[in-house]
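These notes concern the structure reproduced below.
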Amino acid sequence: MGKDYTEMWKGLGLNLEKHAGLLGVLSDAYKNIYLSQKERPAGMGYFDFVISEVHGQRIIEILKAKKEGKKIIGTFCLYVPEEIILAADGVCIGLCAGAEVGTSEAEKFIPRNTCALIKAFMGFKLAGLCPYVESTDLIVGETTCDGKKKAYEIFNEITKKVYVMEIPNMKTEEDRKLWLNEVRKFKEKMEEISGKKITLNDLKKASSTVNKKREALQRLSKLRSADPAPISGLDALLVNQVAFYDDPLRFTEMTDRLCAELEERVKQGVGVTKKGTPRIIISGSPIAIPNWKLHAVTEGSGAVVVGEESCVGERNHRELLDENFTTVDEALGKISSRYLTIDCACFTPNNERPDNIKSLVERLGADGIIHYSLQFCTPYMMEAYKVEKTLKSIPFMRLETDYSMEDMGQIKTRVEAFLETIR
Amino acid sequence: MRVAGIDIGSRFIKLVLIEKGKTVFFKKTEASFNPLENCFELLKDIRADTIIATGYGRHLLEIHQDIKTITEIKAFAIGAKTIFPKCRTIIDIGGQDTKVISLNEKGIVKKFEMNDRCAAGTGKFLEIMAKALDYRIEKFGSEAVNNSKEIQISSMCTVFAESEVVSLISKGMSRKNITIAIHRAIANKVVGLLRRIPIEDDIVFAGGCAKNRCLKQMLEQSIGKTLKIPSVPELTGALGAALYAEQEVPLTGIGQNLQNFHNEEVENYENRCKESVNR
Ligand SMILES: Nc1ncnc2c1ncn2[C@@H]1O[C@H](COP(=O)(O)OP(=O)(O)OP(=O)(O)O)[C@@H](O)[C@H]1O
Ligand code: SF4
Ligand code: SF4
Ligand SMILES: [Mg+2]
C-alpha cells in the first residue's frame, strides 16, 4: 500500500498488529500467485492497483460516501438486490470471506464443521480485521443455507446491524409471492435507514448501473471462449471478485477497457497459454476474495480456467434485469423475478443449474469440470451428484477443500491426475 | 537405454531402473524429514538416460533438477497394468494417501478417488496403531487373518483412535481383537472410496499396505472379489514412472519378471525396509 492508513484503521477499531500481518500475507500471496503470471493483459494493472489498495483507497472512498450521508450496506449473498441499495443512494459491498482468518475466535461461537466462508466472515469480524464490516451501516443476511442462517443470529449479537431477508427454498407461485414481499420490505428498510424515498427514477438509474456491470462481466466471460484463452482464469476470477466491492461505474469502465484489449488479443490469436491447453470450468461454492487456491493449482498444473460457475462468476451476471418498467411496483416485481433466476444449490429442486453448466461447457469449449465444494458446504456437496449425472459426457471431478494450505499436496495430485485423464 | 522412475512417497522413496523393459535395479529409502536429500542419496550411484518422478514429493525434483513428473495415479495405472495386464481397478494404500483408480481396457485412467486430507485409514495410521499395540508392522494383522470375532473402533482420527486403543487395552480387550477392529475400520474406509468407481477385475492391490495380509483379506471379503498383489507392491508407482519414461516400450508383457522378482536387491531392500519401519 502506498499511503499510511494507520489512523483510519485505528479509527475503525481494527486490530492493527494482526491487520498488518494479514496485509503482509495478502501482498506476498498476490505477488506469488498473480504478479508472477506471464502474458498478463495491461488492463489488469487497474485490478492490481485495486488489490494493493483494498484496505486503503477504497475504504477512504467508502468513508467519504458515509460522511456525505450515504449508507454502506454489506451483503453475503447474490440474492440481496443491489439495485435497491443503489436506488436508496447506498453503497453495496459484497463482503469477502475468502481467507482463513480468526478461525479460533470464530470457533468459540460456531461449530468446527462449518464451511470456511462462514468461519471467515465471523473470523474477520471477531479478529478485527475487516475495515469493510466496520464501515457498514447495515449487514444484510438471508435464509439460504443452514450455516449462514444460524450464523447471522450470532453475527447480529456481535454487530447489532444484521437485517435478514427470507429467501424461499423453492420457486413455486407461493414462494414467488413471499420473495416479492421480501423485496418490498427490503426497499422499505432501505428507505428507512437512508431517510430517502426510492423513486422510479432512482430505480431506473440503479438498474442501468447494475446491468452495465453485468454486461461488462458477460463480455469478459464470452471472451474466454477463445482458444487460446486471452486471459488467465486467475485474472478473470479477480475481476469477478473485485466486482463485489468496487465502485460499480468505475468497475464497469475498467472491465470494458480490459475487454477491449482482450478482443484485440483474440483477433490476433494471442493468449496466455498455447492453443489446445486443457480448458477447465470450476463449478460450485462461492470463491470469495482472496481465495485463489484452486485456480492457482489448476493453472499451475498446466491448464487454463475458462469459467467459474459460481456466485463469484456466472451466477452473478448471467441474467440481466428487465429495465422495462414504468412504476416502482413493477420494478420491484421485475427485480424479484430476476433474482429468482439465480440457480443456487440452496433451492430444491435446482435443475436449472446442471442445465446452465451444460450450456456453459458448450459455450466455453471446456474440456473438464472441477466441481468445487467448500468443505461442509452441504448444498453444493450434495448437488455434485446431480451435476455429474447430467454432464455425463465431460470429464468431471469432485473436490472438497477449504482455505487452508494443509491439503495442497493432495489437491495438486488430484488436479494433475484429472488433467492427465483429459490430455 | 536405461531409464529410471522415482516415487517420492510421503513415507518412502522408491527407485526403479529398467533397461529394455526389464527391471534391473531397485532401491527404497525413508522419505523422512528431508526427502530431497534422500532422493539425491538414492540417485547418487545410478546412471540413467532419463528419469521420471512421481509421488507426493514429485515436484521437489522437478524444481531442483528439471525432472519431468507424472502423478502417482498415472504411475500406478501404468505399473499395475504392466504387472497384471488385465488390471481394471487399482487400490493403492501408501503411508498418507489411499487412492482407488479405475482403468479402461487399454489401461487409461477413467476415474479415481482419494481419501481426504486426514491420514486416518492409511499406512501411517497402521504404523501408529501397530506401535501402540507393540507389534512390528510386518506382523501387524497376521494373527488376525481368518478371524471372525469383531469389536468396533468408532474413531478413525489418528489421534483419537490411538487413545481409544489405549482405553480398549486398559479394559482388558485382547491385542488381537483390537487389531481386527483397526483393520476393519481401515477396510471400510477403502470400500467407501471404491463405491465411487466401477470395480472390475482384475483388481490390483498395491502400495506398501498391500503387504498387510489381514487388510487384503478383509477387503476381499467386503467386495467379494480377489485382489492381485505385485510381489513388491510399493514399487508399482516407481515402475510405472520408469515405464512412462521408456514410452516406446509397449505397455504389456514386460512386467512379468516383477511378479516373481527376487534377487539380492529385493532382500536387501526388504531388510532395510524392516529396519526403517521398526525404528
Ligand atoms: N512389511 C510391511 N507389512 C505391512 N505393511 C507395511 C510393510 N512395509 C510397509 N508397510 C506399510 O506401507 C506404508 C508405506 O507404503 P508406501 O511406501 O506405498 O507409502 P508412500 O508411497 O510413501 O506413501 P503415499 O503414497 O501415501 O505418499 C507404511 O506406512 C506401512 O503402513
Ligand atoms: S451460493 Fe447461494 S447462498 Fe451462497 S452466495 Fe450464492 S446464491 Fe447466496
Ligand atoms: S459455501 Fe455453502 S455452506 Fe458456506 S455459506 Fe455458502 S452455501 Fe452455505
Ligand atoms: Mg505412494
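The sequence lines fix the lettering, A, B, ..., with proteins before strands; numbering per chain opens at 1.
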Does atom NZ of A/Lys358 have more than 12 heavy-atom neighbours from other groups under 6.0 Å away? no

Just wondering, more than 12 heavy atoms not from B/Phe40 lying within 6.0 Å of its CZ? yes

Can you tell which part of B/Lys111 gets under 4.5 Å to a heavy atom of chain A, answering side chain, backbone, both or neither? side chain

Counting heavy-atom pairs under 4.5 Å to chain A, which of B/Lys99, B/Met114, B/Lys74 comes out on top? B/Met114

Heavy-atom count around A/Lys412 NZ within 6.0 Å, excluding the residue itself: above 12? yes

Heavy-atom pairs under 4.5 Å with chain B are the metric here; pick the option from A/Thr421, A/Ile411, A/Thr413, A/Leu419 that has the most. A/Thr413

Please identify, among A/Glu416, A/Met397, A/Arg398, the residue contributing the most non-hydrogen atom pairs under 4.5 Å to chain B. A/Glu416

Ignoring hydrogens and angles, write down the donor-acceptor pairs under 3.5 Å from the side chains of residues 198-208 of chain B, residues two or more places apart or on other chains.
| unit_1 | atom_1 | unit_2 | atom_2 | d |
| --- | --- | --- | --- | --- |
| B/Glu200 | OE1 | B/Arg88 | NH2 | 3.3 |
| B/Asp202 | OD2 | B/Lys228 | NZ | 3.2 |

Counterpart residues, ring pair (Phe, Tyr, Trp, His ring centres under 6.0 Å), relative to A/Phe347 (two or more places apart): A/Tyr79

Tell me if the CE atom of A/Met408 is crowded by more than 12 foreign heavy atoms within 6.0 Å. yes

Side chain from CB out, backbone as N, CA, C, O: work out which of these in B/Ile101 comes under 4.5 Å of a heavy atom of chain A, or both, or neither. neither

Nearest heavy-atom approach of A/Gly409 to B/Tyr56 is CA-CE1, 3.8 Å

Taken to the nearest 0.5 Å, the spacing of A/Glu420 CD from B/Ile73 CD1 works out to 8.0 Å

